[in-house]
J.: 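Here it is, the structure, as structure tokens.
In what follows, chains carry the letters A, B, and so on, assigned in the order in which the sequence lines appear, proteins first and then strands, with residues in each chain numbered from 1.
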Amino acid sequence: MAEQHKKRIATASLAGCFGCHMSLLDIDERILDLIELVEFDRSPLNDLKRFTRRCDIGLIEGGCCNEENVHTLRDFRSNCDVLVAIGQCAVMGGLPVMRNAIMHSDDPLKECFDEAYIDSPYLYNPSHQIPNDPALPLILDKVYTCVDVVRVDYQIPGCPPSGDTLWQTLVALINNRPADLPYELIKYD
Amino acid sequence: MNTPIRFQIDGVEVLAEPGQSIMQAADAAGIYIPRLCDVEGLEPQGSCRVCTVKVNGRTAAACTQPAAADIEVENDTLELTNYRRDLVRMLFHEGNHLCPICEASGRCELQAMGYRLGISQPTKYPYLQPARPVDASHPDIVLDTNRCIRCGRCIRASRDIDGKSVFGYVGRGIDKKVGVNGDNLLATDASIDDCAIALETCPVGCIIQKGMGFYKPIGERSFDHQPIGSNIEGNRSGAAHREETWRQGEE
């Protein structure tokens with residue numbers, strides 16, 4: 001039965017810190033069981049940059065702070081049957097969303113860049129230039145959660161969700177049944 | 001000697017002293033009714049509506065509604081749980097509640113209510129992400145109003161127990177907020193020893209005592225293992241009840 005349909009998983013880190021991916025590795029030796037149950041497609045874990053084929057489960061870490069994040073997220077939505085937002089950044093923006101506190105200003109992006117590259121007292125930037133290489137993805141006016149951009153099937157809160165939480169959720173998804181998480185495993189921090 | 005009032009909560013007979021609210025009678029009987037703005041020792045004000053129950057089929061705030069003879073109160077039903085989920089969700093979406101960086105995380109009653117009600121899945125509500133100030137003027141106290149849920153517990157504690165009225169409501173509707181009686185907190189006579197500043201008074205991480213940050217490690221915090229309300233439910237059937245509520249699917 002396992003041979004007949006080995007689930008394919010893709011993962012991505014958008015405006016996140018890779019903490020959720022580290023937490024996924026925190027399932028320890030169960031990763032050997034996981035690799036029996038699934039194969040990884042596009043993911044930073046195997047360094048595949050593009051989808052090779054349609055996936056059953058897409059795991060998204062982080063929200064969207066630049067246009068590349070949006071492209072990646074939409075790519076995941078159109079290539080994954082089930083899309084799961086993992087971690088507080090994906091769920092509600094997380095730490096990057098603190099930038100949105102200044103989005104009510106008349107020129108929020110300028111204020112953000114000035115604070116990051118010009119005005120900060122802890123900064124060494126003698127040229128007073130804001131990075132503007134064409135290769136850099138354009139930053140968005142504010143940080144968006146995954147739900148703001150695409151339809152998300154499930155969310156796993158946590159900063160990061162523990163290895164146990166991710167493991168139990170993945171096992172449930174792989175077996176097409178609801179994740180039956182105990183109280184201790186749902187945390188917002 | 002007053003004769004006790006008899007009434008029912010979810011079909012269980014409960015006794016109340018005359019003058020008690022439904023909430024007080026339920027607490028005494030070991031039945032937990034979720035609440036945020038009500039706390040023992042302060043006048044109930046019935047503003048958060050998380051304690052909404054149905055009394056003979058009509059909704060009422062359990063913390064302000066007096067217990068009356070022979071009323072039938074619904075508390076732990078899917079309909080009311082979904083009401084409460086929506087209320088708590090809206091509180092989360094209305095302010096800036098960044099649990100990962102909040103030092104109240106783990107002892108926060110709003111967060112604990114989210115856990116207890118099993119709130120984790122996507123919702124239709126947008127995050128409002130308001131711009132709200134932080135007042136760190138006082139040497140011992142910080143007010144991070146991003147996290148304020150306007151429960152008014154600090155207002156009542158300062159007015160009724162400390163006799164200082166350091167805090168008060170300002171504004172109307174969505175613009176309603178808790179203000180201080182002065183230009184900033186330093187200009188008031190707030191003190192670290194006030195009941196209004198005590199850790200148990202602010203249910204979230206809005207009133208923060210400086211130098212206390214993250215004083216309990218993860219795993220030892222109030223709600224790490226036990227859902228909010230466990231102290232009221234004790235070890236009786238509450239545990240099973242709780243489990244059941246928690247597993248009632250999202251709407």
J.: A quick test of your reading: do over 12 heavy atoms of other residues, nucleotides or ligands sit less than 6.0 Å from OH of A/Y117?
T.: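 Not more than 12 within 6.0 Å, no.
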
J.: Using non-hydrogen atoms and a 4.5 Å limit, figure out which bit of B/H93 sits close to chain A: side chain, backbone, both or neither.
T.: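 For B/H93, no heavy atom lies under 4.5 Å from chain A.
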
J.: How far apart are the closest heavy atoms of B/L98 and A/V97, and which atoms are they?
T.: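 Minimum heavy-atom contact is CD2-CG1, 3.7 Å.
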
J.: Should we say atom CZ of A/R74 is surrounded by more than 12 heavy atoms from elsewhere, each under 6.0 Å from it?
T.: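 Count not over threshold, so no.
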
J.: Quick check: under 4.5 Å, non-hydrogen atoms only, which of residues 151-174 of chain A neighbour chain B?
T.: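 At a heavy-atom separation under 4.5 Å, chain B is reached by A/V152, A/D153, A/Y154, A/Q155, A/P157, A/C159.
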
J.: Might you work through the side chain to side chain contact (heavy atoms under 4.5 Å, CB included) test for A/K187 and B/Y115, ending with a clear yes or no?
T.: CA-CA 7 Å; A/K187 289 282 174 277; B/Y115 294 163; 3.5 Å; yes

J.: By number, which residues in residues 173-186 of chain B have some heavy atom less than 4.5 Å away from chain A?
T.: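 Within residues 173-186 of chain B, no residue comes under 4.5 Å of chain A, counting heavy atoms only.
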
J.: Minimum heavy-atom separation for A/D189 to B/G106, with atom names?
T.: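 Heavy atoms only, the tightest pair is OD2-N, 4.4 Å.
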
J.: Does B/M90 have more than 12 heavy atoms from other residues, nucleotides or ligands lying within 6.0 Å of its CE?
T.: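 Yes - once you tally the heavy atoms of other residues, nucleotides and ligands closer than 6.0 Å, there are more than 12.
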
J.: Mind running side chain to side chain contact (heavy atoms under 4.5 Å, CB included) on A/M98 and B/I101 for me, showing each step along the way?
T.: CA-CA 11 Å; A/M98 293 180 80; B/I101 56 155; 3.7 Å; yes

J.: Checking B/F223 against chain A: side chain, backbone, both or neither under 4.5 Å from a heavy atom?
T.: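 Both the backbone and the side chain of B/F223 come within 4.5 Å of chain A.
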
J.: Atom CG of A/D148 and atom OH of B/Y127: how far apart are they, to the nearest 0.5 Å?
T.: 9.0 Å

J.: Could you tell me which portion of A/E184 (side chain, backbone, both or neither) has an atom closer than 4.5 angstrom to a non-hydrogen atom of chain B?
T.: both

J.: Has B/Y83 got more than 12 heavy atoms of other residues, nucleotides or ligands less than 6.0 Å from its OH?
T.: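 No - once you tally the heavy atoms of other residues, nucleotides and ligands closer than 6.0 Å, there are 12 at most.
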
J.: What part of B/D224 lies closer than 4.5 angstrom to a heavy atom of chain A: side chain, backbone, both or neither?
T.: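 Interface part for B/D224: both.
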
J.: Please step through side chain to side chain contact (heavy atoms under 4.5 Å, CB included) for the pair A/Y188 and B/I119, ending with a clear verdict.
T.: CA-CA 10 Å; A/Y188 303 159; B/I119 295 173; 3.6 Å; yes

J.: Minimum heavy-atom separation for A/V143 and B/Q129, please, with both atom names.
T.: O-NE2, 4.4 Å

